[in-house]
A.B. asks: 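Following this message is one structure expressed as structure tokens.
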Amino acid sequence: MRVTKAVVPVAGLGTRFLPATKAIAKEMLPVVDKPAIQYVVEEATAAGLDDLLFVTGRNKSALEDHFDRTVELEESLRSKGDTERLALVEASVDLARIHYIRQGAPLGLGHAVLMGRDHVGDEPFAVLLGDDLIDPRDPVLAQMLDLQQRHGGSVICLMEVPADQISLYGCAAVQPQGDHVIVTDLIEKPDLALAPSNLAVIGRYVLDPAVFNVLENMPPGRGGEIQLTDALVQLAAMSAVDGGGVRGVVFNGRRYDTGDRLSYLQAVIQLALERDDLGPPLHAWLVDHLEEMKGDR
Ligand code: G1P
């Protein structure tokens, strides 16, 4: 069954970006000149996922506005003949069919995914986390969907990370299997000494609907939250006829992390440097600025 649906959890409070996120959603923070969430939606639609369910919370209405028409603004730009900006404003509207559901209580990523059960039904689906931006030139989601179509079960995205970062992620134990890996175990945010590998779980998943039954019966895990990682451990141990089996794609393409302030700034600079309009002047300024700073030391 071709995968067309994606669940996008966006209910997080964005506490790492306070006070910027006191009144606006962290997903709306601009990465160069587009809100972070638009990159994620564009990635989903490029992979053929055109039915998205946002799992939202309070303070998230700007997300709905962003992907909706803005008739007054469009009229104003049209009357001024500003077709370039009009196209930018209209671009986010027709990307995908976006549905919204409130998470209610912030009980964890596993709980957010479980909120998608009625919308998704009995078919495989994707989950995209907004903190990870994947460069469109490295379309890992398409690769994951292809793997899921070939073998069934669930597919996760893994990336090698330095030892001092593994405790920030889910970490996988794997066995190589041709162009991918079989996931045998996972630990959510392990201490380095307990990490089974240097392979971190990145925020892209293609899941068998069997995950919903598992999540429904899942006790809270790390941090008192219902963890998607714990559900994947159970899926990995289940037989294929029951919707079990977890495979992993080891991604070594370009990924930008907007999850904390430093990596967010790095993502903005990296992406701006790649742009034809902003890249050359920003590069020149950065070089000059760093030179000046050297002199100041
Ligand atoms: C979540 C998952 C974690 C994964 C990470 C990827 O953690 O629980 O397993 O490695 O996303 O970004 P969070 O970053 O939401 O704490």
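Remember, it's a predicted structure, so these values are computed and weren't measured experimentally. First listed ligand is number 1; within each ligand, the first listed atom is number 1.
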A.B. asks: With a cut-off of 4.0 Å, which atoms of ligand 1 are near a heavy atom of Leu129?
C.D. replies: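 Checking each atom against Leu129, I get 11 (O).
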
A.B. asks: Counting only nitrogen or oxygen atoms and a 3.5 angstrom limit, does Tyr169 reach ligand 1?
C.D. replies: no

A.B. asks: I want to know if ligand 1 touches Ile202 in the polar sense, i.e. an N/O pair below 3.5 angstrom.
C.D. replies: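 No, there is no polar N/O contact under 3.5 Å.
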
A.B. asks: Say whether, by atom type as modelled, one donor and one acceptor occur between the side chain of Arg222 and the main chain of Lys189 under 3.5 angstrom.
C.D. replies: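 Side chain of Arg222 to backbone of Lys189: a pair is present.
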
A.B. asks: Is the closest N or O pair between Gly170 and ligand 1 shorter than 3.5 Å?
C.D. replies: yes

A.B. asks: Ring-plane angle category for His119 and His99, please: parallel below 30°, perpendicular beyond 60°, tilted otherwise.
C.D. replies: tilted

A.B. asks: Applying a 4.0 Å heavy-atom criterion (strictly less than), which segment of Leu228 is in contact with ligand 1: side chain, backbone, both, or neither?
C.D. replies: neither

A.B. asks: Could you check whether the rings of Tyr100 and Phe54 sit parallel, tilted or perpendicular, using 30° and 60° as the cut-offs?
C.D. replies: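 Perpendicular.
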
A.B. asks: Apply the test ring-ring contact (aromatic ring centres under 6.0 Å, His included) to residues Tyr264 and Phe17: give CA-CA distance (whole Å), side-chain angles for both, the deciding distance (0.1 Å), then the verdict.
C.D. replies: CA-CA 10 Å; Tyr264 167 80; Phe17 287 90; 5.5 Å; yes

A.B. asks: Report the residue from Val3, Leu49, Ile134, Val249 that forms a side chain to side chain contact (heavy atoms under 4.5 Å, CB included) with Leu141.
C.D. replies: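 It is Leu49; the other options fail the test.
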
A.B. asks: Is there a protein heavy atom less than 4.0 Å away from atom 15 (O) of ligand 1?
C.D. replies: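 False for atom 15 (O) of ligand 1.
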
A.B. asks: In terms of atom number and element, which parts of ligand 1 are under 4.0 angstrom from non-hydrogen atoms of Asp132?
C.D. replies: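 In order of numbering, the contacting atoms are 6 (C), 12 (O).
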
A.B. asks: Can you find an N/O atom of Thr229 closer than 3.5 Å to an N/O atom of ligand 1?
C.D. replies: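 For ligand 1, there is an N or O atom that lies under 3.5 Å from one belonging to Thr229.
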
A.B. asks: Below the 3.5 angstrom mark, is there an N/O of Asp131, backbone or side chain, next to an N/O of ligand 1?
C.D. replies: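 No - when backbone and side-chain N and O of Asp131 are compared with those of ligand 1, no distance drops under 3.5 Å.
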
A.B. asks: Do Val268 and Tyr39 land in one hydrophobic cluster if side-chain heavy atoms of ILVMFWY residues count as linked below 4.5 Å?
C.D. replies: yes

A.B. asks: Look at the side-chain heavy atoms of Ile, Leu, Val, Met, Phe, Trp and Tyr, link any pair under 4.5 Å apart, and say whether Leu129 and Val120 land in one connected group.
C.D. replies: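 Linked, Leu129 and Val120 end up in one cluster.
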
